[in-house]
Q: 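First the structure, then my questions, so here it is.
Convention: sequence-line order gives letters A, B, ...; per-chain numbering from 1. A quick note: this is a predicted structure, and the numbers were derived from the prediction, not measured.
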Amino acid sequence: MPEFRTSPGMRDVLEPEASRWRHLIDTFAAVVARAGYGQIMLPVLEDLGVFTRIGDATDVVTKEMYDFTDKGGRHIALRPEFTAGVCRAYVQHRPTTPWKVWYAGPNFRYERPQRGRYRQFEQVGVEVLDVDDPMVDVEVIALGWEFFSRLGLRRVELHLNSLGEPADRLAYTEALRTHFESRLDQLSEAARETLARNPLRVLDSKRPDDAAAIASAPSITEFWSESAAEHYGAVRDGLRALEIPFIENTALVRGLDYYRRTTFEYVGGTLDSAQNALGGGGRYDGLVADLGGPQTSGIGFALGVERTLLACDDEGVFPAGDSAVEVYVVDTTGGAEASLVAARLRAAGFSCEQAFGQRSLKSQMKSADRSGAQVAVLIGPDEHQAGTLTVRSLRGQSGQTTIDAGDLVEHLRRVIAVTCE
RNA sequence: GUGGGCGUAGCUCAGCCAGGUUAGAGCGUCAGGUUGUGGCCCUGAAGGUCGGGGGUUCAAGUCCCCUCGCUCACCCCA
């Protein structure tokens with residue numbers, strides 16, 4: 001083993017996977033840009049306090065933060081998610097509203113890595129600030145749906161719920177606490193610990209031991225105030241109008257404390273593990289105020305890039321693109337002429353690479369073949385002396401012609417156009 | 001934080017259960033067969049602290065202990 005490797009939960013993304021990432025983010029950017037969302041690039045580091053607002057009952061904040069004190073004595077953290085940073089930026093810059101932004105980038109959580117879960121993980125997402133209209137909930141949810149469908153995913157489920165207004169949520173939380181505390185004997189050890197911190201999240205338990213207590217628990221639907229029920233109804237109607245199928249899931253409580261009213265999650269239908277949430281989001285109408293800004297409504301979602309790619313693998317869609325160059329230059333006269341030819345071809349718009357290391361013709365031709373290039377341009381002593389180049393086809397039958405060096409670009413324009421068809 | 005599985009060549013792995021001469025294979029790399037021409041085939045070469053440390057033994061890749069790493073699951077969440 002080498003002396004140094006990636007730190008646990010961190011990975012290098014090499015080709016062809018890297019191209020896939022780029023295409024995924026390009027696809028996302030295209031979808032949301034068409035809806036008028038602008039990109040926001042946030043620092044990876046924020047003051048710790050920005051993130052502690054997202055929930056002191058969550059592991060994300062209490063146990064999983066990468067935090068440290070910098071040389072100036074500030075208590076800093078690597079971001080575990082984007083939403084809090086977006087709200088901080090909103091308070092700092094006070095942009096005109098509605099403010100609709102999208103982002104892509106890494107987040108950090110100190111967890112035990114496993115399939116679909118890394119300590120550094122990539123998310124793409126959108127946030128809309130200062131619009132209370134349920135139609136914006138519909139738009140946001142629809143954008144995520146559109147993205148998955150554009151990637152070719154067909155087995156994604158949209159789960160939908162409402163946590164009610166803050167007072168509803170609070171009343172429901174207390175009702176759950178009462179319910180579960182009277183049935184401690186029906187709860188697993190782990191669920192009892194969860195209950196002490198956050199009764200809502202007991203609903204999220206997938207342990208069979210807890211199933212009975214969860215099934216008999218009160219439902220959030222009984223606690224919705226009129227305004228919350230109305231908002232939620234409008235969101236459902238809007239999704240139906242767009243023919244976006246959704247599953248109402250009153251146990252969908254989401255991980256972070258700031259959510260209220262609409263919450264939703266995109267679940268990978270083929271991912272069998274507990275890491276099957278491709279992404280999720282909801283309303284966080286109090287978060288901007290918590291960060292010192294005015295009372296401002298907000299809604300958004302974040303999608304996990306690694307998990308989305310896993311889902312693509314499982315469904316056999318969104319393969320890596322072909323990154324092969326068009327032309328490969330082989331030179332047995334030292335390589336200097338190959339450099340000139342390659343530079344000319346690139347300037348003319350061709351993709352092109354050349355062999356290095358003054359290897360034998362046979363060896364260079366092998367590299368040319370493996371590069372996936374359509375044609376090889378050969379420079380040997382004969383061509384060097386005569387001012388010519390030999391152009392050899394690497395696909396199909398192996399014809400070759402020798403041309404004047406000056407005719408190369410024009411010749412390749414014909415040859416490659418034909419081969420590309 | 002807890003548990004299972006796995007660490008042998010650049011990659012994928014065999015060898016370990018029943019310890020025993022110079023640790024193997026395929027792929028990849030390089031060279032040659034083809035004195036200028038890739039793909040298929042053939043030949044050869046380079047490449048290994050058997051994750052690390054300790055122990056048992058005449059002898060450890062193989063057995064035991066510890067440790068580090070990877071991985072899957074719990075948990076948590078994207």
Q: Identify whether any heavy atom of A/Ser367 sits under 4.0 Å from a base atom; if not, whether one sits that close to sugar-phosphate; answer base, sugar-phosphate or nothing.
A: nothing
Q: Please determine, for the side chain of A/Phe121, which listed nucleotide (B/rC76, B/rU71, B/rA78) has the closest atom?
A: B/rA78
Q: Heavy atoms only, 4.0 Å cut-off, all strands: where does A/Gln120 land among base, sugar-phosphate and nothing?
A: nothing
Q: Which part of the nucleic acid, if any, lies within contact of A/Pro8, taking any heavy atom under 4.0 Å across all strands shown: a base, the sugar-phosphate backbone alone, or nothing?
A: sugar-phosphate
Q: Give the nucleotide from the list B/rA78, B/rC76, B/rG38 with an atom nearest to the side chain of A/Lys366.
A: B/rG38
Q: Whether the side chain of A/Arg119 engages the backbone of A/Glu111 through a donor-acceptor N/O pair (distance < 3.5 Å, no angle test) should be reported.
A: yes
Q: Base, sugar-phosphate, or nothing for A/Gly116, non-hydrogen atoms under 4.0 angstrom?
A: base
Q: Can you tell me if A/Thr194 touches the phosphate of B/rC75, counting only side-chain N or O atoms and a distance under 4.0 Å to OP1 or OP2?
A: no
Q: To the side chain of A/Ser363, which of B/rC30, B/rG39, B/rA78 is closest?
A: B/rC30
Q: Can you tell me which nucleotide in B/rU37, B/rC77, B/rG1 comes closest to the side chain of A/Arg392?
A: B/rU37
Q: Closest approach to the side chain of A/Leu394, judged atom by atom: which nucleotide of B/rC75, B/rG38, B/rU37 is it?
A: B/rG38
Q: Between the base of B/rU71 and the side chain of A/Arg115, is there any donor-acceptor pair under 3.5 Å?
A: no
Q: Mind checking A/Gly279 for me? I need base, sugar-phosphate or nothing, with any heavy atom below 4.0 Å counting as a touch.
A: sugar-phosphate
Q: Strictly below 4.0 Å, N to O, side chains only: are A/Lys100 and A/Glu127 in salt-bridge contact?
A: no
Q: At under 4.0 Å between heavy atoms, what does A/Tyr266 touch on the DNA or RNA strands: base, sugar-phosphate, or nothing?
A: nothing
Q: Establish whether the base of B/rU37 is bridged to the side chain of A/Gln364 by a donor-acceptor pair shorter than 3.5 Å.
A: no
